[in-house]
Enquirer: 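Okay, handing you the structure first.
Chain identifiers are assigned alphabetically (A, B, ...) following the order of the sequence lines, protein sequences preceding nucleic acid strands; residue numbering begins at 1 within each chain.
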Protein chains: 4
Amino acid sequence: MLSNRKSGKQRLYGADSQLVDQEERRLDLGFGSTFTDPNSRLINKDGSINVTRTNTSFWDRVNLYNRLITMNWPSFFGVVLLLYFSENVVFACIYMLVGPEYLLGLDKVTDGSPLGQFWGAFFFSAQTLTTVGYGHISPSGYLVSAIAALESMIGLLAFALVTGLLYGRFSRPVAHIRFSTHALFAPYLDVNGWMFRIVHQRANQLIDVQVDVSLSRLETRPDGVRYRRYYNLELERNRVNFFPTNWTLVHPITPGSPLQQCTPDDLAESDAEFLILLRATDDTFSQVVHTRYSYRYDEVLWGRKFLPMLDGNQSGGALLDLAKLDDTVDAPLN
Amino acid sequence: MLSNRKSGKQRLYGADSQLVDQEERRLDLGFGSTFTDPNSRLINKDGSINVTRTNTSFWDRVNLYNRLITMNWPSFFGVVLLLYFSENVVFACIYMLVGPEYLLGLDKVTDGSPLGQFWGAFFFSAQTLTTVGYGHISPSGYLVSAIAALESMIGLLAFALVTGLLYGRFSRPVAHIRFSTHALFAPYLDVNGWMFRIVHQRANQLIDVQVDVSLSRLETRPDGVRYRRYYNLELERNRVNFFPTNWTLVHPITPGSPLQQCTPDDLAESDAEFLILLRATDDTFSQVVHTRYSYRYDEVLWGRKFLPMLDGNQSGGALLDLAKLDDTVDAPLN
Amino acid sequence: MLSNRKSGKQRLYGADSQLVDQEERRLDLGFGSTFTDPNSRLINKDGSINVTRTNTSFWDRVNLYNRLITMNWPSFFGVVLLLYFSENVVFACIYMLVGPEYLLGLDKVTDGSPLGQFWGAFFFSAQTLTTVGYGHISPSGYLVSAIAALESMIGLLAFALVTGLLYGRFSRPVAHIRFSTHALFAPYLDVNGWMFRIVHQRANQLIDVQVDVSLSRLETRPDGVRYRRYYNLELERNRVNFFPTNWTLVHPITPGSPLQQCTPDDLAESDAEFLILLRATDDTFSQVVHTRYSYRYDEVLWGRKFLPMLDGNQSGGALLDLAKLDDTVDAPLN
Amino acid sequence: MLSNRKSGKQRLYGADSQLVDQEERRLDLGFGSTFTDPNSRLINKDGSINVTRTNTSFWDRVNLYNRLITMNWPSFFGVVLLLYFSENVVFACIYMLVGPEYLLGLDKVTDGSPLGQFWGAFFFSAQTLTTVGYGHISPSGYLVSAIAALESMIGLLAFALVTGLLYGRFSRPVAHIRFSTHALFAPYLDVNGWMFRIVHQRANQLIDVQVDVSLSRLETRPDGVRYRRYYNLELERNRVNFFPTNWTLVHPITPGSPLQQCTPDDLAESDAEFLILLRATDDTFSQVVHTRYSYRYDEVLWGRKFLPMLDGNQSGGALLDLAKLDDTVDAPLN
């Protein structure tokens, strides 16, 4: 997936230019080579990407549906409640302007004061918008009847919208993956490895889980210009069929690895960031889910290894303890 | 699909370490090698995986949407009914606390006793929540009117939710595959084969059906430690374009098969389990569906073969008898 | 796609058995070799497959959601109307049993006869089920109020269901492909070809359209047993990126083709059927759509070729005439 | 993706015919070679394809669901409002025909004139259709009650439909990609390149973005007939994992490129059009999105290059200015 070349296509004619050839082989994840500020990361901890946009159009900035789908639940219900309240205020004002006397029965439930009438109109509006329509207040006259007819239709449309949004929110494919707080440089077999650990937080199954890891770091051109370069980090295993327990992903530091001979100072000096892309299929809905994550140089521990999270010799099935995700122990590097 | 190597990527640099190389070639489905309890299976008969989790967060444990989508229909309607009843009880209490005298018309439908008033408030709440709003009971006063306005909105939101859940339940991709109760060791052409039989229980079509089978068994390390090892079982045919009838999947036991020379005692001693993964496309909705299944050593018959389920020479189309799925007959092994 | 071999997997060990090897190379689309009745086709003209099932369980036979989604619109609305009517009859009976005197206002809208009361209860039920609740008839007494509360909830659930079904019906991925009535044996470049023509009937775009064609015919084993065999028919072009106009799919009859030297009598005698599988992506919804079709030996014309459907030299865009799909003209074979 | 050959299939037998072989190698995107009118483009600026259809059936022409999903929002709400109004007019007429005296309470809200009664019936219809059912007007008599019962059910069905349509509109996968107004012939490394620039207008992420570019131009057969031919344009990079900023797509004009030695006059004379296909995955919903675009010969600039849009050295993340998408500067070609 992290291919820096054309995918699935044979080359139709040779590129005679040496420079073109070189450029085609350069790995580019889509960030470009100009992200050189050492104080900011490429991928934030929530998976978002660290780019600000200016001069976008109004609707692009609002990004309405996207925002309503991804905001948290309290905000969402807050928005719904606010809209419900505002809509009723607007319609109550309209009914007051046309004349409260067209709302039959209003006099029986209010004290006749303008404020009382306003709230009466407000509650009539709410009963119309939700189509509850008790009828102890009812519209009369062409204009008020027409406004009420319009309002009840708007109400149905609004709740149709909310129905769609609620379904969209629920059915949105999200991977509940937890990443270990730190990545580790640990001994691995007869060499060392760079590794991190993940676990699926939910009990339903993820299948066909695939992970790609890249190293991004600043390097210096012969002319002294700093630029960002990207390396694919090969993993000992980058795909599993099932993901019922924890999974430790290991990049073995063998000759040829960009981390060969690397020291903590090297990582810090080059503003290194490890970029992680995970994709999987949620078994319940057969939906593809994606997750991004990144470790910066200061989120990496040297000479520690992970302790097991799974007790596989339990009768009645294996036992996975999610609280142990970050449990590590000292382990001198090879 | 059951690849134990990196998928779709060429190797960028050689792993000089022999151990790293070995590790990379080891097949791991994601269960790990520590599932060694001989009394429990990896995949349960319903396709779930035999792992228990501890220290998960509250919402991860509840897994609300997932649970509401996958529970059976009586439970689902039970939950809906219970919520409807509780919500009305809660609001009836609130109306009683504020004062039943604010519900106009309540006196006409009740005997005036507190219990009678409570049930009157309960039914008024139900009429508000469902927005039926007959109006023979109606709210008056600011507070009760506001509560009723809120309740009718909650009602609409709740039924919007139920609409989404119902659609989610119906449209969830599920493969209605039935597996034969036993897998068989049977004669196959001029060798023997390990085989099982499947059938799609529904009349709509599955297309592009693909099956992968692995053998999982305990083995012993040179140091005497028991660990779980996984083998891919090659099938005579692992993919069909259509699946209108039954399908017998055969692993031919040719030289190189991990089942070569295997006896029933070997299977039992090594706690062998055959893991099956099926994926297909439901033709009606173009959805991908997945199914998992497993046969343990004690669900395998030796020297039996399947009897035909399909009569293909019927006029008016072939006839498939689903009751014959498990019909086998003695067949001495080669 | 019409692969008769394992997909995407390297062979881990050789099959020493010649028979196993042969069997693995046999093309099987999933129909099997026993469909030998010469009077029935494998794939019906509507794309369904000619297999009847017996001994299926009740719910598998009903296949409720699938049937409600795929039935035609008049039937669907018929079912909805029938359920609405029946539900009201049932509830009207219940209200009558409990006692029509608990429905306040019923006496004002009916003549007091039992039949009049029944219809009054029926309409009250309808007003409750749809939550319109005018209120000129209203429930009183615990039991009738409770039944009405239940009925209004059932009504909301039922219409939630219908909402989901309507969306499922509308959003179901369907390819509106029309196939030419006949396939042709026509001259093609310097050889002959077997060809048919398709067109997308809708104005929205299908992209990445891919077609696979197989020939199925009866052959005779050395022991005289008739069996069905399948051949993949290679196409001159089996994939296009866009499908804005018509598309003629051609199998060139070059040496090696199973149709080489084939005569009309050969086709008829062997009960030949050409099986077509099309898959594409609907551009509007990014959904994958599938279509199946088949031509039997008696739906093939010899020595005819297609006339053009498209006039590409129009100013203001090309003009495609769908009425010309079946227009052919005599063309002597090479 | 722009393959002019069979995908994913090995060749089973050789095509002995030279002509067949040649034809199989011809690139055809699905437009065919007869689009030869020099005044019209293949792909319009909105991504639609320039083909008109005649003799389509009524429902294929209407393409109802597709049209309701893709029309703009004002039109959509216009259609909904119009249907609501018309439906009420129709039912008001029916109620008037049966007799306004069957609508209880109608006399209290109208002046008794036929027009007044009509509007009363109209508003009663609206209150029934939306199920608001105040009840100050209510049906009596078998016929009017039955019509009202039917209308309230139709109302629920209609709003179920609208719910589905609204969700379909919102959840439809759309890529908000903006293309630079002009494509450029610019110096590129030590050669020249044909290039254009794209940016995602929304803040949510597109991942796995893949672009394919073809050149379509008129050529002349030896017999003097003009026909349209298609070339795949190889890109320096046709796939990125992330697309957070802008992306300049470059076809390097190396030997073998169909643009080698090409002049502005050549492009114009051959009615050249560059066809662009983009596909990506929307990260929020894991949906695949597609976009088509094209540049004609008169939308190409010679000897200009793009100015940067991204300032990557900002503290607090990179800054992308969308207003600079079309900023170019003179750059003499190599």
Side-chain angles (χ1 to χ4, degrees), chain A residues 1-3 6-7 11-17 19-20 23-24 28-32 34-37 39-40 49-57 60 63 65-66 69-70 104 128 131 133 135 138-140 142 145 149 152-153 156-157 160-161 163-164 167-168 172-173 277 287-290, chain D residues 80 84 109 119 123 126-127 130-136 159 162-163 166-167 170-171 176 189-191 201-205 207-210 232 234-245 247 252 254-257 283-286 310 312-323:
Chain A
M1 175 188 150
L2 291 167
S3 167
K6 278 142 277 266
S7 52
R11 216 163 157 65
L12 298 181
Y13 42 82
D16 272 6
S17 158
L19 287 173
V20 171
E23 177 63 19
E24 289 189 353
D28 192 330
L29 302 177
F31 290 107
T34 58
F35 276 80
T36 52
D37 172 46
N39 298 315
S40 58
I49 292 178
N50 213 346
V51 175
T52 314
R53 288 148 180 273
T54 60
N55 287 314
T56 50
S57 77
D60 287 333
N63 209 353
Y65 178 58
N66 212 75
I69 290 290
T70 54
L104 302 179
T128 302
T131 76
S138 61
S140 71
Y142 294 159
S145 295
S152 59
M153 198 203 68
L156 285 175
L157 283 184
L161 248 160
T163 302
Y167 181 67
R172 189 164 80 92
L277 256 163
Q287 282 178 315
V288 176
V289 292
H290 297 88
Chain D
V80 170
Y84 180 57
V109 294
W119 284 111
F123 293 125
Q127 290 155 23
T130 59
T131 76
V132 77
Y134 299 112
H136 65 307
F159 284 101
V162 168
T163 302
L166 278 171
Y167 181 68
F170 268 131
S171 66
H176 296 270
L189 301 173
D190 54 351
V191 295
Q201 298 177 273
R202 297 274 161 110
N204 64 314
Q205 290 304 314
I207 56 179
D208 292 344
V209 187
Q210 194 174 333
N232 183 27
E234 231 189 299
L235 300 177
E236 159 242 343
R237 181 166 281 105
N238 77 341
R239 196 170 193 282
V240 290
N241 298 94
F242 302 102
F243 183 28
T245 67
W247 183 16
T254 50
S257 162
D283 184 48
T284 313
F285 305 102
S286 280
L310 181 80
N313 203 1
Q314 293 276 325
S315 69
L319 187 75
L320 182 74
D321 187 346
L322 273 76

Enquirer: Contact part of A:Arg172 toward chain D, heavy-atom cut-off under 4.5 Å: side chain, backbone, both or neither?
Expert: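 Contact with chain D is through the side chain of A:Arg172 alone.
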Enquirer: So, taking the atom named OH in A:Tyr65 and the one named CZ in D:Phe170, what distance separates them when rounded to the nearest 0.5 Å?
Expert: 8.0 Å
Enquirer: If I take atom CG from residue A:Asn66 and atom CZ from residue D:Arg202, how far apart are they, to the nearest 0.5 angstrom?
Expert: 8.0 Å
Enquirer: Taking D:Arg237 for the side chain and A:Glu23 for the main chain, is one N or O donor matched with an acceptor at less than 3.5 Å?
Expert: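 Yes; at least one donor-acceptor contact below 3.5 Å.
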Enquirer: Would you indicate whether the side-chain heavy atoms of A:Leu156 and D:Val162 approach each other to under 4.5 Å?
Expert: no
Enquirer: Where do D:Thr284 and A:Thr70 land on the side chain to side chain contact (heavy atoms under 4.5 Å, CB included) test, with the steps shown first?
Expert: CA-CA 8 Å; D:Thr284 313; A:Thr70 54; 3.5 Å; yes
Enquirer: As an exercise, state the distance from CZ of D:Phe285 to CD1 of A:Ile69, rounded to the nearest 0.5 Å.
Expert: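 Reported to 0.5 Å precision, the distance equals 5.0 Å.
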Enquirer: Under a 4.5 Å cutoff for heavy-atom pairs, which residue among D:Leu166, D:Asn204, D:Thr245, D:Thr131 has the most contacts with chain A?
Expert: D:Asn204
Enquirer: I'd like to know which of A:Val51, A:Asn63, A:Thr128, A:Leu104 tops the heavy-atom pair count under 4.5 Å against chain D.
Expert: A:Asn63
Enquirer: Closest heavy-atom contact between A:Thr56 and D:Gln201?
Expert: CG2-O, 4.1 Å
Enquirer: Going by the angle between their ring planes, with limits at 30° and 60°, are D:Phe242 and A:Phe31 parallel, tilted or perpendicular?
Expert: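 D:Phe242 and A:Phe31: tilted rings.
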Enquirer: Looking at D:Ala323, D:Gly135, D:Ala126, which has the largest count of heavy-atom pairs under 4.5 Å with chain A?
Expert: D:Ala323
Enquirer: Judged by atom type as modelled, is there a donor-acceptor pair below 3.5 Å linking the side chain of D:His136 to the main-chain atoms of A:Pro139?
Expert: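 Answer holds: yes.
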Enquirer: Under 4.5 Å, counting heavy-atom pairs only, tell me which of A:Asp60, A:Asn55, A:Leu161 racks up the most with chain D.
Expert: A:Asp60
Enquirer: Between A:Ser145, A:Ser152, A:Gly164, which shows the greatest number of heavy-atom pairs under 4.5 Å with chain D?
Expert: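 The option with the most such pairs is A:Ser145.
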Enquirer: Please report the interatomic distance CG(A:Leu29) to CZ(D:Phe243), rounded to the nearest 0.5 Å.
Expert: 14.5 Å
Enquirer: Once rounded to the nearest 0.5 Å, what's the spacing between atom CZ of A:Arg53 and atom CG of D:Asp321?
Expert: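 A:Arg53 CZ to D:Asp321 CG: 11.0 Å, rounded to 0.5 Å.
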Enquirer: I need the A:Thr54 OG1 to D:Leu320 CG distance, nearest 0.5 Å.
Expert: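 Rounded to the nearest 0.5 Å, the OG1-CG separation comes out at 7.0 Å.
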